[in-house]
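These notes are about the structure you will find just below.
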2 protein chains.
Amino acid sequence: MPEFLYNKKLYYNSVEFVMDRIGGTWKMPILWRLRDKTLRYGELKKTMPKVTHKMLTSSLRELEADGFISRMVFPVVPPKVEYSLTERGIKSINIIGELRQYGFQLMRDYGIDVASEDSPV
Amino acid sequence: MPEFLYNKKLYYNSVEFVMDRIGGTWKMPILWRLRDKTLRYGELKKTMPKVTHKMLTSSLRELEADGFISRMVFPVVPPKVEYSLTERGIKSINIIGELRQYGFQLMRDYGIDVASEDSPV
DNA sequence: CTGGATCCACCCCGATACTG
DNA sequence: CAGTATCGGGGTGGATCCAG
């Protein structure tokens with residue numbers, strides 16, 4: 001594969017393209033949490049105590065712009081916004097799950113103790 | 001899974017741990033190229049035209065420190081150094097391959113033209 | 001409740017020069 | 001051929017304040 005251009009950015013391979021879409025500290029954790037249900041902004045934030053407001057917002061914006069999640073705004077007060085996976089987002093869940101499993105295996109390999117049941121990603 | 005500490009850095013999940021080990025622009029491409037053969041520094045560099053000397057060197061150092069590759073120095077002139085996968089590095093090839101395949105699928109989904117045969121990663 | 005905007009510290013990484 | 005050291009620009013993300 002020759003390198004290719006997308007959105008004015010140069011990519012050298014498909015893995016890099018994936019990482020630019022769903023990589024970074026928070027995007028996979030967000031997708032993973034939405035895998036089986038719709039969540040409001042505040043609910044999402046509650047399950048990810050360490051993410052800052054700015055990072056959660058910008059991650060959600062980018063995931064939306066890239067077509068992985070959809071944003072549903074309810075015109076009520078106080079505001080209510082729900083996030084859910086799109087078709088593309090649903091398709092990403094498999095590889096995230098595999099990455100997660102590989103991560104546990106790697107951590108065991110490093111001797112890091114893991115309790116993988118109901119572990120967030 | 002509660003968050004955990006490794007090497008003085010705080011991780012929130014296993015995916016993040018993986019990405020800190022083999023993420024970034026160049027580490028997976030390096031591992032992928034070493035999947036079936038040992039390569040010298042210069043050979044590696046030749047197949048990755050866009051990586052800078054500094055990034056290739058530092059990526060190799062980190063992969064070595066993290067136990068994914070081993071570095072074999074031959075005491076000759078001119079210098080000869082060979083890089084190859086360790087057991088841990090070999091185990092990483094599967095998930096890289098899956099990530100690569102998902103990447104092609106995602107690119108097709110975006111309408112980006114791909115010729116995936118013998119594509120570098 | 002959800003979200004946008006600003007300021008700024010930090011770190012990644014490219015360029016360059018030098019070594020055995 | 002392979003590797004190290006230094007400098008500096010630019011992007012990433014944290015803290016904070018304001019808004020509908």
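Each chain gets a letter, A, B and so on, in the order the sequences are listed, and its residues count up from 1. On a predicted model such as this, the values are computed, not experimentally measured, just so you know. Just the heavy atoms: all of them, side chains too, but no hydrogens, waters or symmetry mates, feed the values below.
- Taking the six-membered ring where the residue is Trp, Y41(B) and Y83(B) present tilted rings, their angle falling between 30° and 60°.
- Residues S70(A) and T86(A) bring no donor and acceptor atom of their side chains to less than 3.5 Å of each other.
- The CG atom of L56(B) sits 14 Å away from the C1' atom of dG14(C) (whole-angstrom rounding).
- Of all nucleotides listed (dG3(C), dC1(D), dG13(D)), dG3(C) comes nearest to the side chain of R61(A).
- One interatomic measurement links the two molecules: CD1 of I69(A) to P of dT2(C), which rounds to 14 Å at whole-angstrom precision.
- Separating the CG atom of L60(B) from the P atom of dT4(D) is a distance of 10 Å, rounded to the nearest angstrom.
- Note on R40(B): a side-chain N or O is less than 4.0 Å away from OP1 or OP2 of dA2(D).
- In this structure, M19(B) atom CE and dT12(D) atom C1' are separated by 18 Å, rounded to whole Å.
- Between F68(B) and Y110(A), the two ring planes are tilted [angle within 30° to 60°].
- The distance from atom NZ of K9(B) to atom P of dG13(D) is 11 Å, rounded to the nearest whole Å.
- Residue contacts for Y83(A): at a heavy-atom cut-off of 4.0 Å it reaches the sugar-phosphate backbone alone, with no base atom in range.
- Heavy atoms from other residues, nucleotides or ligands lying under 6.0 Å from NZ of K9(A) number more than 12.
- A straight line from CE of M55(B) to C1' of dA2(D) spans 17 Å, rounded to a whole angstrom.
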Footprint string (nucleotides 15-20 of chain D, 5' to 3'): B base within contact, S backbone only, - free, heavy atoms under 4.0 Å: B----B
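- At whole-Å resolution of the value, OH in Y41(B) and C1' in dT4(D) are 11 Å apart.
- Judged purely by atom type and a 3.5 angstrom limit, R100(A) has no side-chain atom pairing as donor or acceptor with the backbone of I96(A).
- Side-chain atoms of S59(B) do not come within 3.5 Å of backbone N or O of K27(B) as any donor-acceptor pair.
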